[in-house]
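By convention here, the first residue in the shown sequence is residue 1. Note that ligands are numbered from 1 as they come in the structure, with each ligand's atoms numbered from 1 the same way.
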Amino acid sequence: MTKQEIILANEQYLFPGVFHYYRDPLVVTRAKDQFVWDAEGNQYLDFFGGIVTISVGHCNETVNSKVSAQMGKLQHVSTVFANEPQAALAKRIAGITPEGALTKSFFTNSGTEANETAILAARCYTGSYEVVALRHSYHGRSALAMAATGQASWKLGGAPAPGFVHALNAYCYRCPLGLEYPSCGVRCARDMEDLIRTSTSGSIAAFIGEPIQGLGGFITPPKEYFAIVAGIVRKFGGLFISDEVQTGWGRTGRKWFGIEHYGVTPDIMTSAKGMANGAPVGLTVARPEVAGALKGATISTFGGNPVTATAAKAVIDYIDEQKLMINAAETGAYLRDCLEELQRRHPVIGDVRGIGLMQAIELVEDRVSKTPATSAAAALMEAARENRLLIGKGGMYGNVIRISPPLNISRADVDDFASRLEASLTFLSRPAA
Ligand SMILES: Cc1ncc(COP(=O)(O)O)c(C=O)c1O
C-alpha cells in the first residue's frame, strides 16, 4: 500500500477515535535501534519509543533471536496449559521486585488489563470496594481503568464507574494547593487522609498511582510523597498499587521500578509497555497473600503467551546483562543537563522534570503566568518531525513534551537529540514571516 492508501484505509476502516500525531500522519515502515523510517525512506531519531515502550532499541537482535526461536517451537497454549517461558518469566520477576516481596505474577496483554487485575485482587483481599487514584493519572482504556484515570479527556462514554475518588497529585510546577516545595511540607500527600475520611466509607481497597505520571506529562512527585501516601492508605486498610506501566524495567535509572526511588514497597505492581520492548504483554505482580485472595478460576487466552513471555524475559535479561539501569541513570543525567541548558536559552520551557531516561519539558506562554503553551507544543512536535526527531506529547493541557529514548542510547545520541530539539525550538521562536 502507498502512504496515502494507508492513511485513507485508516480513515475509512478504523474507529475515528484512533488518532495520529501530526497534521500529516507519519507512516512508519521500519525501525532499528534508536531509528525509525517513514514511507518515503526518511530516517528519524526516535526519542519516544512508540509510547515509552521501546526499552532496548527497535528490533533488538538479542531479543528477537530468542523470540524467533520460540515462534518456531511453541506459539500458543493459553493459561490452561503450563509452559516454560511463562514459568521462567514469573520466576525472573519474583527475583527483582522491591525487597523480593512481590512473588506472584498474573500475565495479560496490556497495561489496562494489568490494572483491572490489580484492582480486582485488592478488592478480593480487603473486602472493600473503594479505590483512591490520583488526579492527572492515566490507567488505561477499559471502563474500570478509565474510572481510575484522572483526566477528563481520557474518560470516554459518559458516567464514570462508582468506587473511585481522586486525590491531589504532587504537581509541584502547578501546585494544586498553591504552595511551594519543600516549605509546603508535602501537604498534597497529607490531604489523602481528609479525602478518605470525607469521600469514602473509610475502609478502602487500594490506592493506585504512577510513580511518575506518564500521560499526565511526566509529573514527578517529591521524594517524600509516596511514603506519606502509603502510610495513610494502609491506615485505612488499603493496598498500595504502583502502576509501573511507564516507569518499570530500569527506565528511571539504577532501580528496576520507579517506586523504588521513593522507598515504598508496594503490595501490587502492574506493568506492560517496555517490559517486552513492544510485544503485547501485561503484568500484575503481587504479594502472595494478595494473589491468593483472588479465589476461583481465572483465565487469559493470551496471558503468559510463550512468545511474549520469551520476549519479556529476554528484555529483562538484556537490561541486566548490558547494565542499562546504570546507563539510564548516567545518560539520563546527561540528557537532563542538556534540557536544562535548553531551558536557559528558550523561555518557552517552563519546567524540566523526570528521573533517568524519562524526562519532560513543560511549555508555557511565559514563566510568570505559566499559561500552558498548548499550540507551541503542537508546533514543536511538527518542527521536530521536520528535524527528523520523534518526541511525545502529554499533560492535561497538551503542553508537555515527553522524552523516553531506548535505555541503550549513548551520550552521542543525546547530543544529536539536543541539536535537533534546539533547531526545532529555534524555528518555533522565529517571528512569523
Ligand atoms: C501508566 C499507564 N498505565 C496503564 C496504561 C494502559 O496500558 P495499555 O495501553 O497497554 O492498556 C498506560 C498506557 O499508556 C499507562 O501509561
With distance as the sole criterion, is a donor-acceptor pair present between the side chains of [X] and [Y] under 3.5 Å?
X	Y	answer
E382	Y21	no
S137	Q213	no
E244	S271	no
D46	Q34	no

If you count the atoms of ligand 1 from 1 in the order shown, which ones are under 4.0 Å from a heavy atom of [X]?
X	answer
G140	6 (C)
E210	1 (C)
S110	10 (O), 11 (O)

Under 4.0 Å between heavy atoms, the region of N115 that gets near ligand 1 turns out to be side chain
When the ring planes of F226 and F207 are compared, do they come out parallel, tilted or perpendicular, using 30° and 60° as the limits? tilted
Requested in this report: Could you label the plane-to-plane angle of the W154 and Y138 rings as parallel, tilted or perpendicular, counting under 30° as parallel and over 60° as perpendicular?
Outcome: perpendicular
For [atom], find the nearest protein heavy atom and state the residue, atom name and distance (0.1 Å precision).
atom	value
atom 9 (O) of ligand 1	T112 OG1, 4.4 Å
atom 7 (O) of ligand 1	G111 CA, 3.3 Å
atom 16 (O) of ligand 1	Q246 NE2, 2.8 Å
atom 15 (C) of ligand 1	V245 CG1, 3.6 Å

### Message
Any salt bridge linking R420 with D416? Criterion: basic side-chain nitrogen under 4.0 Å from a carboxylate oxygen.
### Response
yes
So is [X] close enough to ligand 1, meaning a heavy atom under 4.0 angstrom away?
X	result
K273	yes
D243	yes
G214	no

With T310 as partner, the option from Q86, K66, K73 fulfilling side-chain contact (heavy atoms from CB on, under 4.5 Å) is K66
Check: L215 N/O within less than 3.5 Å of ligand 1 N/O: no
